[in-house]
Visitor: 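Pasting a structure here, questions to come.
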Amino acid sequence: MKHKERVVTLRGSCDAVAAGDARGACAATTSGQERGMAAAGGPGLRALISRALPAARSLLVPPGAGTAYLGVALLALIPLLTRNFYYLRVGGTVGLYLILAIGLNIVAGEAGLLDLGYVAFYGIGAYVYAFLSSPHFGLHVPFLLSTACSVAAAVLAALVVSLPTLHLRGDYLAMVTLGFGQIVRILLNNLDRPVNITNGPNGIVGIDPPSILGVSFAPLEMSYCLIWAFAVGSVLVTSRLLRSGIGRAWAALREDEVAAGCMGVDVARYRVMAFLWGAGLAGLAGALFASWQGAVFPQNFTMAETITVYCMIILGGMRSLPGLVAGAAALVVLPEMLRAYSVYRMLIYGVALVLLVIYRPQGLIPARSGSSSSEPGRTRRRSRRTPEAEPCPAQAPGARMEPGATPRAGTATATATGEPALEVRDVRCTFGGLAALAGVSLTVRLGEVVGIIGPNGAGKTTLFNLITGVTRPSSGDIRVFGKSVVGLPSHGIAALGVARTFQNIRLFEGQSVLENVLAGCHLRVRRDLAGVVFRTRAFRACEASEIASARDALRFLGRALREREAEPARDLAYPDRRRVELARALAAKPRILLLDEPTAGMTPDEIKEMVDAIRLLKDHGYTVVVIEHHMDVVAETCDRVIVLDHGEKIAEGTPAEVASNPEVMRAYLGAERRTAADRPAGPRDEPGKVGDTTQEGATCASANAPRHEQVEVKLPRPRTKCPGRPEVRRGVAENGGPLLEIKDVHSSYGPVRVLQGVDLYVESGEIVTVLGSNAAGKSTLLRTILGRVRPAKGEIRFMGRRIDGMPTSEIARAGIAVVPEGRRIFPGLSVLENLELGGYVLGDRRKAAERIEQVLDLFPVLAERRHQKAGTLSGGEQQMLAISRALIANPKLICMDEPSMGLAPVLVDRVMQTVQDIRRAGTTVLLVEQNARAALAIADRAYVLRSGRIVGTGPAARFLDDESLTRAYLA
Amino acid sequence: MARPARAANGLPARASQVVRVRAQAAVRRGRAGDITIRRYPPSQLDGGWDADPPGRARATVLASARICGRWPGIRRDACGTGPGPGPGNANVCLDSGNNSGSDSDGNMEMERWETSPMEQALAQLPQQIVNGLTLGSVYALLALGYSMVYGILKMLNFAHGDVFMVGAFAGWGVLYLFTRSGELAASPFAVLVVMTTAAVTATSILGGLIERFAYRPLRGSSRLAPLISALGVSIILENAAMLLTAGRAKAYQTEMLIPPTWTVRVGDATISATRLAIVVASVAIMLALDFAVSRTMLGKAMRATSEDPEAAEYMGIRTSGVIAATFVIGSALAGVAGVMIGLYYMQVDFIMGFSAGLKAFTAAVLGGIGSIRGAMAGGIVLGLAESLGVLFVAPVYKDAIVFSVLIATLILKPAGILGEHAHEKV
């Protein structure tokens with residue numbers, strides 16, 4: 001064997017160096033580190049390391065991981081001390097795999113890109129080194145140059161792969177990289193003809209051992225130290241990358257690309273960058289491997305290698321540097337120890353992979369949240385060395401927030417100047433024929449706070465998506481400070497000074513609170529490579545000042561948040577999550593701030609704090625556009641309100657003007673429509689109580705009122721059927737109780753407590769409507785009944801039988817049909833097939849077919865289009881289909897979730913008429929509606945839901961004229 | 001390390017992969033002399049040629065070469081190129097004895113076909129199209145499993161190729177049991193039926209178990225998790241098969257089941273009955289599946305679950321059951337495909353699942369993943385691309401061609417021929 005020869009011939013001369021290396025090879029023994037690494041890396045490295053050393057000490061030994069590093073260091077010492085040939089081989093292999101694992105961790109762990117062709121870059125690096133330093137082509141390029149070429153070739157290959165695949169995600173990207181890996185292997189295997197390039201399956205042998213500046217690293221101890229020097233260097237550089245704006249950007253795009261883009265992260269660029277870094281490290285490992293083994297063969301670079309490296313990072317723990325070391329060591333050393341069972345090696349890998357991913361997905365040494373990015377504690381520890389906070393490159397002087405003070409807007413204006421900041425001109429946006437926005441124009445002036453309100457489906461969030469480049473308008477123009485942003489990517493718009501929050505909070509869940517906020521600083525932090533890797537003064541200063549401003553933003557939204565800054569975002573309670581999201585947007589020091597329902601799901605006190613915060617922002621000259629449905633919030637914060645409905649602007653003016661606008665009233669509550677013919681003149685008993693309840697519920701304070709107060713004012717159950725009702729068939733439960741009964745149900749949606757003790761019942765043959773504004777908990781109530789959300793407390797009975805805890809399909813089989821929110825028809829199936837699925841529970845095709853014909857008689861439009869794909873129907877037709885689909889199985893109860901949403905008024909009438917027809921045919925209906933007037937016109941009884949509590953109940957007729965209802969919505 | 005030995009035909013033989021035979025080449029120019037006989041597929045195992053068991057080898061005959069000599073110890077399979085001259089894949093069977101690394105007394109003659117390369121290629125076109133259709137229909141069967149599972153769970157079932165391999169071995173097991181000293185112990189047709197049944201049973205059960213124990217616990221977790229679990233299952237199956245078969249390829253005695261003399265001549269092409277049977281059976285199965293998915297209640301439930309699992313639950317569909325059924329059906333198809341590929345290549349080995357699985361997935365993506373008819377179309381297109389690639393590029397690059405097609409499709413039209421692209425809701 002070549003290596004043995006090298007060792008023998010050169011042993012005498014390098015004993016002394018090897019002794020020095022013995023100390024150098026261990027990563028974290030601080031005593032011998034500098035000397036040893038300098039010995040291994042030459043004088044050029046010395047400078048680098050001496051500069052990096054203090055930081056390295058703190059970087060490499062994060063609290064808790066110290067023992068892991070110490071263990072590795074001791075293990076890495078053993079081969080050198082024993083000078084055992086076999087131990088050195090194994091130890092060197094661990095070092096090589098560590099470099100590979102670090103690279104793959106960047107791609108798959110940090111940036112979340114599933115690269116299944118990773119080993120191809122390793123192979124390219126190894127072969128390029130072999131071409132340049134072997135007798136194969138007769139070239140003997142110096143080691144360092146040759147290694148640099150290997151890295152460059154791997155990076156170039158990665159560029160070629162990643163650029164055209166930028167638009168691919170997840171599995172598709174995995175397949176492309178997998179195919180690429182296979183192609184590279186096939187080429188390596190077959191490029192010996194017609195021109196011998198790779199020497200085919202025989203590989204390239206006789207590769208030069210490494211040699212730097214005349215010092216040969218041929219002896220095994222020497223190359224062992226070289227590999228470990230590179231491995232330690234890779235760990236060092238990578239950990240610094242990860243703890244900078246670059247690492248945070250990777251984490252952001254892994255967690256949420258849309259949010260990352262809106263924070264100014266150039267998603268495409270960072271994806272490519274992650275790929276290139278990974279490939280570069282693989283290329284480096286390849287070059288080292290070639291020089292270490294002295295030969296390369298195609299079979300060194302098969303899919304099995306990729307899987308081995310994946311096993312390492314998954315076993316050890318993704319995104320955890322100590323985990324990577326442990327993973328690499330375990331997967332190299334264990335098979336060696338189990339050599340007798342080597343045929344079972346891969347089998348054991350397979351079993352381990354499956355078990356790990358099921359039982360311990362976080363790996364052996366899991367990454368702590370935030371381990372890969374800035375850690376506040378550490379910054380504090382080093383603060384004495386941190387130079388005076390200097391302004392970062394993109395940061396205007398004086399724009400830095402004063403500690404404890406309100407953040408100041410990027411522009412120094414304190415009041416509205418009249419200069420237009422945001423102009424939206426006749427913007428249209430259609431999704432598959434449905435117009436989400438149908439020509440909206442609006443202008444927001446600098447320093448203004450503008451509210452945007454409107455019912456569900458009005459196009460409010462779509463408008464924000466258009467402004468921030470998440471979606472593109474079909475036509476129209478959007479200008480930010482006079483510059484058209486149509487077609488600009490999200491990060492480009494963010495760079496113009498637009499920051500936003502999201503309706504369904506989009507935090508980087510796995511990242512710590514502070515890291516989330518720091519992501520907002522992305523555009524200002526230094527991300528130049530030299531600064532990041534060498535931790536220059538300017539870099540540290542900038543980082544410190546950004547951390548300070550991120551903390552200011554957090555403190556601005558609550559002192560408690562500042563104390564919890566190290567916790568992962570996913571552990572926060574719901575209102576805190578909203579605040580962190582706002583802090584993240586503020587950290588960007590935006591010139592225009594877009595807030596999408598900032599108070600949704602908050603308690604009155606929390607809402608008040610948020611209102612104060614927005615007003616403070618206004619005082620400090622921020623330009624804010626806020627989507628809100630709490631009218632009181634709008635009234636207190638906004639200079640101007642714009643009302644959207646059905647994708648059109650229907651009103652604009654001061655909050656007071658808008659609130660009294662009849663058009664707005666109609667948009668929220670539905671058209672004034674009295675179907676006197678249908679409505680029995682029921683006894684109007686106890687009108688005052690209902691009014692009181694709703695009135696109470698309408699104000700913020702009383703929403704917190706103890707529940708028993710509401711129970712007291714609840715009306716007696718109408719056990720008898722209402723006079724004048726059409727005779728209906730009744731599927732009464734055996735116990736004679738109500739058809740559906742909900743008692744004290746609490747349920748949460750993730751961390752959000754949505755329902756807080758809801759009592760409700762539905763008698764057979766009734767139409768009961770549940771009313772409430774956005775986010776009152778209406779949909780969650782339905783989802784809880786239907787088994788999609790499991791109640792934390794309380795019970796739900798259907799026909800006397802408990803159904804809480806039952807799977808949705810069984811609840812459907814028990815006789816509850818649904819017309820889900822947003823219709824949820826199966827767009828790819830024909831109308832007929834949709835209906836057939838509605839009869840799925842019947843289990844009898846003939847019966848279902850009969851039922852379908854009956855139902856189609858009621859809906860001639862659907863009958864005409866029975867073979868058409870459901871997705872091609874218009875919105876109203878789709879709603880009809882959703883309703884008729886629910887009818888097929890002859891359910892006892894139909895739950896309808898906002899059947900009028902997104903429909904034109906005439907269609908709303910039609911839908912409501914249908915609901916009445918359904919009841920007349922004997923089916924009970926539970927109708928959840930935002931269009932209160934339409935629902936009340938046909939319902940027998942109504943419940944008003946606000947902030948997860950029933951705040952009013954009684955006969956529907958009573959609510960119709962009741963001002964309290966209006967207040968519950970618009971107050 | 002020794003320099004590679006040179007075979008008698010003057011071409012470098014590959015120490016690890018090439019059966020060194022004394023071949024007498026009558027060809028002097030062009031690629032026609034390019035004949036290699038390699039173990040198929042190249043073993044991924046350590047150990048040199050010396051350790052190799054007697055087994056099957058496969059001759060890749062290029063362009064106008066043909067094998068026409070007698071070759072003691074090496075039986076040529078009629079299933080390959082047929083009696084006439086022509087390129088293609090001739091399967092040869094190495095009997096024990098003469099292949100221990102030293103020269104065997106094999107004798108191989110090759111004749112040059114006196115036509116231009118293009119003419120030669122065109123002359124082979126019909127034959128290669130038949131090959132392509134045969135392979136393509138097997139890929140399509142396999143692609144259906146990928147597509148159905150992806151359609152419902154949006155996950156790549158990496159283990160599907162290995163389920164297919166298990167099916168192939170189950171078929172082989174039955175064949176082995178029914179073979180008594182080189183003869184079949186029952187009627188060929190009955191044996192075929194039992195083989196297929198065994199393969200389908202084995203793979204259905206396996207598919208169900210995999211779904212239950214490796215994927216279901218991960219439902220609702222990150223997108224990466226099931227993919228890694230699938231990789232793990234794939235590694236387990238492959239290595240378990242390797243251990244059980246001692247890493248050896250197993251011979252499928254297709255000639256005992258379907259006589260090689262049964263052929264159909266269509267123009268210039270000779271279609272063996274085996275190929276015809278494979279194509280006909282696949283088409284029949286695909287038609288049946290298409291009917292089942294579009295007409296039966298289970299099929300509709302499957303489509304509904306794939307489009308909107310939540311709404312499907314509202315309809316009373318037990319989606320977990322539907323998902324399990326999808327895995328079972330997909331795996332059953334893989335079982336059938338496994339037997340077919342055994343009949344086609346006349347040998348099966350533990351590693352075949354990986355590349356076949358990749359190709360089938362490529363076919364599924366090509367056709368538009370999630371679409372059943374797309375999977376069928378993609379399979380056929382891919383099979384043809386592969387066999388025409390053999391004809392016009394070079395056989396060693398046929399897999400590279402397949403993967404290039406995959407990458408090009410994903411880059412240019414990620415939704416595939418018949419697929420649709422979904423957008424994320426913000």
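A, B, ... follow the sequence lines: proteins, then strands. Residue 1 opens every chain.
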Visitor: Is it the side chain or the backbone of A:Leu173 that comes within 4.5 Å of chain B heavy atoms, both, or neither?
Guide: neither

Visitor: Is B:Leu227 in contact with chain A via its backbone, its side chain, both, or neither, using a 4.5 Å heavy-atom distance?
Guide: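 B:Leu227 touches chain A through side-chain heavy atoms alone.
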
Visitor: Is the OH atom of A:Tyr344 crowded by more than 12 outside heavy atoms at less than 6.0 Å?
Guide: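 Open.
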
Visitor: Considering only heavy atoms, which portion of A:Ile307 lies under 4.5 Å from any heavy atom of chain B: side chain, backbone, both, or neither?
Guide: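 A:Ile307 touches chain B through side-chain heavy atoms alone.
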
Visitor: Could you have a look at A:Glu836, A:Glu810, A:Arg788, A:Glu833 and say which one has the most heavy-atom pairs with chain B under 4.5 angstrom?
Guide: A:Arg788

Visitor: Between A:Ile314 and chain B, which part of the residue has a heavy atom less than 4.5 Å away: side chain, backbone, both or neither?
Guide: side chain

Visitor: Could you go through the side-chain contact (heavy atoms from CB on, under 4.5 Å) check for B:Asp399 and A:Gln182 one step at a time?
Guide: CA-CA 8 Å; B:Asp399 284 7; A:Gln182 295 297 311; over 6 Å; no

Visitor: When you look at CZ of B:Arg219, are more than 12 heavy atoms from neighbouring residues, nucleotides or ligands closer to it than 6.0 Å?
Guide: yes

Visitor: Let's go through B:Phe158 and A:Leu116 carefully: what are the C-alpha distance in whole Å and the side-chain angles of both, what is the deciding distance for side-chain contact (heavy atoms from CB on, under 4.5 Å) to 0.1 Å, and is it a yes or a no?
Guide: CA-CA 12 Å; B:Phe158 257 113; A:Leu116 291 181; 3.5 Å; yes

Visitor: Specify the closest pair of heavy atoms between A:Ser809 and B:Glu313, including all atoms of both residues, with the distance to one decimal.
Guide: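 It is N-OE1, 3.0 Å.
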
Visitor: May I ask you to name which of A:Thr177, A:Ile888, A:Val176 has the most heavy-atom pairs under 4.5 Å with chain B?
Guide: A:Val176

Visitor: Tell me the closest heavy-atom pair linking A:Val841 and B:Met315, and the distance in Å.
Guide: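 Residues A:Val841 and B:Met315, closest heavy atoms: CG1-O, 3.3 Å.
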
Visitor: Any idea which heavy atoms bring B:Ile236 and A:Val354 closest together, and the distance?
Guide: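 What the structure gives for the nearest pair is CD1-CG2, 4.1 Å.
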
Visitor: Quick check on the interface: out of A:Leu114, A:Ile811, A:Thr471, A:Leu837, who has the most heavy-atom pairs with chain B under 4.5 Å?
Guide: A:Leu837

Visitor: Would you say B:Leu410 and A:Thr165 make side-chain contact, with heavy atoms under 4.5 Å?
Guide: no

Visitor: Look only at the side chain of B:Glu307 and the backbone of A:Gly828, and say whether a donor-acceptor pair between them is shorter than 3.5 Å.
Guide: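 Side chain of B:Glu307 to backbone of A:Gly828, a donor-acceptor pair under 3.5 Å: yes, one is there.
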
Visitor: Would you please test B:Tyr314 and A:Thr808 for side-chain contact (heavy atoms from CB on, under 4.5 Å) and show each step?
Guide: CA-CA 6 Å; B:Tyr314 289 147; A:Thr808 304; 3.6 Å; yes

Visitor: Begin from the C-alpha positions of A:Leu178 and B:Leu406 and carry the test side-chain contact (heavy atoms from CB on, under 4.5 Å) through to its verdict.
Guide: CA-CA 10 Å; A:Leu178 198 154; B:Leu406 170 71; over 6 Å; no

Visitor: For the residue pair B:Arg295 and A:Arg845, what are the closest heavy atoms and their distance?
Guide: O-NH2, 3.1 Å

Visitor: Among the options B:Val233, B:Leu237, B:Leu358, pick out the one with the most heavy-atom pairs lying under 4.5 Å from chain A.
Guide: B:Leu358

Visitor: Side-chain contact test, heavy atoms from C-beta onward, threshold under 4.5 Å: evaluate it for B:Leu156 versus A:Met175 and give yes or no.
Guide: yes

Visitor: Quick one: closest heavy-atom pair of B:Ala400 and A:Ile186, and the distance?
Guide: N-CD1, 3.5 Å

Visitor: Is it the side chain or the backbone of A:Leu191 that comes within 4.5 Å of chain B heavy atoms, both, or neither?
Guide: both

Visitor: Would you mind telling me which of B:Asp308, B:Ile401, B:Val402, B:Leu412 has the largest number of heavy-atom pairs within less than 4.5 Å of chain A?
Guide: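 The candidate making the most pairs under 4.5 Å is B:Asp308.
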
Visitor: Give me the atom names and distance for the closest heavy-atom approach of A:Phe180 to B:Ile407.
Guide: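 Of all heavy-atom pairs spanning A:Phe180 and B:Ile407, the closest is N-CD1, 3.7 Å.
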
Visitor: Side-chain contact, heavy-atom cut-off 4.5 Å: A:Leu347 with B:Glu238?
Guide: no

Visitor: What part of A:Pro891 is in contact with chain B, defined as an atom under 4.5 angstrom from a non-hydrogen atom: side chain, backbone, both or neither?
Guide: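 Answer is neither: A:Pro891 stays 4.5 Å or more from chain B.
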
Visitor: Quick one: which of B:Ser229, B:Ala304, B:Ala225, B:Ala301 has the most heavy-atom pairs under 4.5 Å with chain A, could you say?
Guide: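 Most pairs with chain A among the choices: B:Ala304.
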
